[in-house]
Enquirer: 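Sharing a structure below in structure tokens format, with a few things to ask.
Given the structure is predicted, the values throughout are model-derived calculations rather than measurements.
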Amino acid sequence: MAVPAFIVANLARLCHKRNLIARLIKGCRVDARAGCFAYEITEYFQRSNEHFSRPDAFTGAFVLRQQESQMPKLKTKSGAKKRFKVTATGKVMAAQRGKRHGMIKRTKKQIRQLRGTRVLFKTDGDNIKKYFLPNA
């Protein structure tokens, strides 16, 4: 019994009986159990719905399906949630700098003008959205 090609491609990493499989693939004569072993491998792959689709109508071989690789979920940084806000147009708003300490040396006009928020530069905003607010 010939071992199908789709099995040959995956045998090296799936089975610990590599020398037996190598002899099966080469077509060498082995004991009676080897034929049963090849049959079991073929049956396993045909039952497995996870990796292989139905047989191709023309060739009769099982076709390897592309499985989606599942990336881990991107989480928003909790510190960035508190410091930045993304507007409807995609700009990033942040608080003005320079009002945390040293207020005694600033003029009243400076303090007044530093109230509220401002729009970050586009490149800074893009970095914030990419690394800290991926779902925004």
Side-chain angles (χ1 to χ4, degrees):
M1 173 180 179
V3 180
F6 70 89
I7 295 176
V8 175
N10 294 294
L11 283 179
R13 63 186 174 89
L14 288 176
C15 189
H16 58 281
K17 298 182 180 179
R18 289 189 185 139
N19 58 351
L20 179 63
I21 293 166
R23 283 185 277 162
L24 280 171
I25 293 168
K26 287 179 187 173
C28 297
R29 296 193 73 155
V30 290
D31 58 354
R33 289 173 41 203
C36 297
F37 185 63
Y39 179 74
E40 287 171 16
I41 294 172
T42 309
E43 285 299 309
Y44 169 77
F45 276 104
Q46 287 173 353
R47 281 194 310 265
S48 172
N49 294 329
E50 299 169 4
H51 304 292
F52 296 95
S53 62
R54 294 187 180 275
D56 191 8
F58 298 109
T59 62
F62 280 75
V63 181
L64 188 61
R65 271 196 307 221
Q66 281 288 29
Q67 286 187 327
E68 282 186 31
S69 61
Q70 203 163 8
M71 296 279 294
K73 284 188 176 180
L74 290 173
K75 291 188 177 181
T76 298
K77 301 285 184 187
S78 61
K81 280 189 248 181
K82 302 165 191 173
R83 291 174 173 84
F84 304 107
K85 177 187 173 234
V86 180
T87 64
T89 56
K91 296 175 184 171
V92 180
M93 302 288 288
Q96 296 271 18
R97 67 173 185 80
K99 279 197 73 174
R100 290 292 177 193
H101 56 83
M103 302 301 288
I104 201 164
K105 56 182 104 166
R106 305 205 199 292
T107 64
K108 297 292 180 188
K109 182 179 178 182
Q110 276 181 313
I111 293 169
R112 199 168 52 247
Q113 287 177 338
L114 289 175
R115 282 185 201 145
T117 57
R118 66 182 179 93
V119 177
L120 293 182
F121 286 113
K122 183 177 182 336
T123 51
D124 293 335
D126 290 344
N127 284 335
I128 294 295
K129 286 193 288 187
K130 182 177 181 180
Y131 296 113
F132 301 114
L133 302 169
N135 300 319

Enquirer: What do you reckon, is NZ of K85 surrounded by more than 12 foreign heavy atoms closer than 6.0 Å?
Expert: no
Enquirer: For R106, does the CZ atom have more than 12 heavy-atom neighbours from other residues, nucleotides or ligands under 6.0 Å away?
Expert: yes
Enquirer: Compare every heavy atom of M103 with every heavy atom of I111, then report the nearest pair and how far apart it is.
Expert: CG1-CE, 3.5 Å
Enquirer: Should V119 and F121 be regarded as members of a common hydrophobic cluster, given that ILVMFWY residues are connected when their side-chain heavy atoms come within less than 4.5 Å of each other, either directly or indirectly?
Expert: no
Enquirer: Would you find a donor on one side and an acceptor on the other, under 3.5 Å apart, between the side chain of K129 and the backbone of V92?
Expert: no
Enquirer: Can you tell me how far apart OG1 (T117) and CE (M93) are? Round to the nearest 0.5 Å.
Expert: 3.0 Å
Enquirer: Once rounded to the nearest 0.5 Å, what's the spacing between atom CD of Q110 and atom NZ of K105?
Expert: 11.0 Å
Enquirer: Could you grab the distance from atom CG of D126 to atom OH of Y131, nearest 0.5 Å is fine?
Expert: 10.5 Å
Enquirer: Which atoms form the tightest heavy-atom contact between G125 and L120, and what is the distance?
Expert: N-CB, 4.3 Å
Enquirer: Give the minimum heavy-atom separation between Q113 and Q96, together with the two atoms involved.
Expert: O-NE2, 4.0 Å
Enquirer: Give me the atom names and distance for the closest heavy-atom approach of V86 to A136.
Expert: CG2-CB, 3.7 Å
Enquirer: Which pair of non-hydrogen atoms, one from L74 and one from N135, has the smallest distance, and what is that distance?
Expert: O-ND2, 3.2 Å
Enquirer: Nearest 0.5 angstrom please: N127 CG to L133 CG, how far?
Expert: 11.5 Å
